[in-house]
Amino acid sequence: MADTTGNTQDTGAAHEPGPRPRKSSWKYIGPGIVVAATGVGAGDLVATLIAGSNFGYTLLWAAVIGCLVKISLAEAAGRWHLSTGRTLFDGWASLGRWTTWFFAVYVVIWGFSYGAAAMSSSALPLQALFPDVMDLEWWGVACGVVGLVFVWFNKYAVFEKVMTVLVGVMFVVTVYLAIVVTPNLGDAFAGLLPVLPDEEDSVLNTLGLIGGVGGTITLAAYGYWVNAKGWTDAGWMKVMRLDNRVAYITTGVFVVAMLIVGAELLHAADIALSGGGKGLVQLGDILADEYGTATAKFFLIGFFATSFTSLIGVWHGVSLMFADFVARLRDRTGTKGEEIASGRRERSWPFRAYLLWLTFPPVVLLFQGEPFRLVIVYGVLGAAFMPFLALTLIWLLNSSRTPSEWRSGPLSNAMLAIAGLLFLVLGVKEIWDQPWADFL
């Protein structure tokens, strides 16, 4: 994304020389690949497939806008880390104790529920590929433990390389499928015009597609991955912005490819998919009937890459955030980017404690199903996080906490405000739709 700060350096006051800007180069790309891979999970691909199957290419423009919104959010998180040298949680803590309480409750309950969902989603394609090996629940446990061991014993550099390979698999599979189903390019270009489907709740369905294109808390983790890469000051700003564009162009390719599959393969045949990861297993069966077993297995490999990158991405990124959260509570001083870059956080006991929390307590949910009230609380907290992220970034990046050179300009503020409003509407709907009568 272009420079969205809209500010030039203030010449009215003396400034210390800033860090020397690094030249923007493709060889530095890394955190963007990680955030793209983590943010696009099975649920995002199914939601896009369902949009394509229901509306054809009509909502292609909404998928593109979703990528632009997330570019702005990730850019803002990265800009905070680089311009201030402080972590995002340190910025949140400066806004008041309420942010600490919100994050503490959110990260515990969210991690418990997400752990089960991520393990189950990664297990589905493995069970479809190897149906006679073991039950779905044990595949899920195996995926969680493999993710735990991998993140526990490897630092960011290895983690990034593995994520890049898995993203390559995702990319090849999704683009291959989009080509195989033979897209109607005329209809696809027409879908870039902002038109709403002529159906009930079309506005909310459109907003849901925009809001679901890749990433929740992983957008907040982006700044931590930027630091873990070794980018710790404003000299890396151009590099970070190029990296961020790559992240959401990659995300856009995944989403557009799956929308094409939904429009061409499912819409014309009026085939409805189930929600969640089961919808992708169902798609594998459809592909086997239409294009043969080899294509179906190739797709299931891509499905596994999509789900497992989300699992290990959260295992690493959110554990890194939790480690920063605990460090801030313990010493009451702000964490610098250099501390994240050193790798010490990845070897700390809070990092590994949260890894264990993501892996083992959720196993209970794999075998017993999620308790009803937990599902509702999880839905409410999840609905609240994205408005929280967007609005706190506006607050932080327009205050004296951020050096004047890097404060948000009109474009950045407009995009963050749109994101905040979008997620606020979706959050209110999510909370409203919860079965509160049964909860009480």
Side-chain angles (χ1 to χ4, degrees), residues 1-2 4 32-33 36 39-40 43-75 167-168 170-215 241-242 244-273 279-280 283 286-287 290-291 295 298-299 302 306 411 414-415 418-419 422 426:
M1 187 173 184
T4 56
I33 296 296
V40 179
D44 297 291
L45 295 188
V46 170
T48 309
L49 278 167
I50 291 174
S53 66
N54 289 339
F55 308 118
Y57 291 101
T58 304
L59 292 180
L60 182 59
W61 63 272
V64 173
I65 288 178
C67 290
L68 294 176
V69 167
K70 300 295 176 59
I71 283 175
S72 299
L73 281 166
E75 187 274 342
V167 166
M170 292 167 60
F171 188 91
V172 171
V173 170
T174 53
V175 171
Y176 169 76
L177 289 179
I179 293 171
V180 162
V181 300
T182 316
N184 185 317
L185 296 180
D187 288 348
F189 282 114
L192 295 174
L193 296 174
V195 175
L196 291 174
D198 188 20
E199 295 191 17
E200 187 179 355
D201 292 333
S202 62
V203 173
L204 287 174
N205 287 333
T206 303
L207 292 178
L209 181 61
I210 294 172
V213 181
R241 283 172 167 156
L242 173 63
N244 184 41
R245 291 188 208 108
V246 170
Y248 282 96
I249 289 172
T250 305
T251 300
V253 170
F254 295 150
V255 171
V256 169
M258 296 311 284
L259 192 139
I260 288 171
V261 173
E264 296 294 345
L265 187 61
L266 307 177
H267 182 64
D270 197 23
I271 298 172
L273 288 184
L280 293 183
L283 178 61
I286 295 168
L287 288 169
E290 292 286 333
Y291 302 105
T295 295
F298 188 51
F299 165 72
T306 300
L411 177 57
M415 293 298 290
I418 289 169
L422 165 68
L426 292 174

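Given the structure is predicted, the values throughout are model-derived calculations rather than measurements.
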Straight-line distance of Ile179 CD1 to Ile260 CD1, nearest 0.5 Å: 9.0 Å
Pairwise distance CG(Leu59) to CG(Leu259) - rounded to 0.5 angstrom: 7.5 Å
Which atom of Leu283 lies closest to which atom of Met258, heavy atoms considered: CD2-CE, 4.2 Å
Closest non-hydrogen atom pair between Gly252 and Cys67, with its separation: CA-SG, 3.5 Å
side-chain contact (heavy atoms from CB on, under 4.5 Å) between Leu265 and Leu287, intermediate numbers included: CA-CA 9 Å; Leu265 187 61; Leu287 288 169; 3.7 Å; yes
Phe171, CZ atom: more than 12 neighbouring heavy atoms under 6.0 Å: no
Any residue meeting side chain to side chain donor-acceptor pair (under 3.5 Å) with Tyr176, in chain and number order, not counting sequence neighbours: Thr295
side-chain contact (heavy atoms from CB on, under 4.5 Å) against Phe189, all qualifying residues, sequence neighbours excluded: Leu185, Leu192
Working for side-chain contact (heavy atoms from CB on, under 4.5 Å), residues Lys70 and Thr251: CA-CA 10 Å; Lys70 300 295 176 59; Thr251 300; over 6 Å; no
Euclidean distance, Thr306 OG1 relative to Phe299 CZ, rounded to 0.5 Å: 8.0 Å
From Met415 atom CE to Ile65 atom CD1, the distance as rounded to the nearest 0.5 Å: 8.5 Å
Backbone N/O of Asn184 and side chain of Glu264: donor-acceptor pair under 3.5 Å: yes
Contacts of type side-chain contact (heavy atoms from CB on, under 4.5 Å), residue Ala257, not counting sequence neighbours: Thr174, Ala178
Exercise: identify the closest heavy-atom pair between Met170 and Val40: CE-O, 4.3 Å
Heavy-atom closest contact (Gly302 atom, Val173 atom, distance): CA-CG2, 3.8 Å
Leu60 versus Ala188, closest heavy-atom pair with distance: CD2-O, 3.1 Å
Working for side-chain contact (heavy atoms from CB on, under 4.5 Å), residues Leu193 and Trp61: CA-CA 6 Å; Leu193 296 174; Trp61 63 272; over 6 Å; no
Which residues share a side-chain contact (heavy atoms from CB on, under 4.5 Å) with Val172, sequence neighbours left out: Phe298
Criterion side-chain contact (heavy atoms from CB on, under 4.5 Å) on Val167 and Phe254, from CA distance to verdict: CA-CA 10 Å; Val167 166; Phe254 295 150; 4.1 Å; yes
Rounded distance (nearest 0.5 Å) linking atom CG of Leu49 with atom CG of Asn54: 10.5 Å
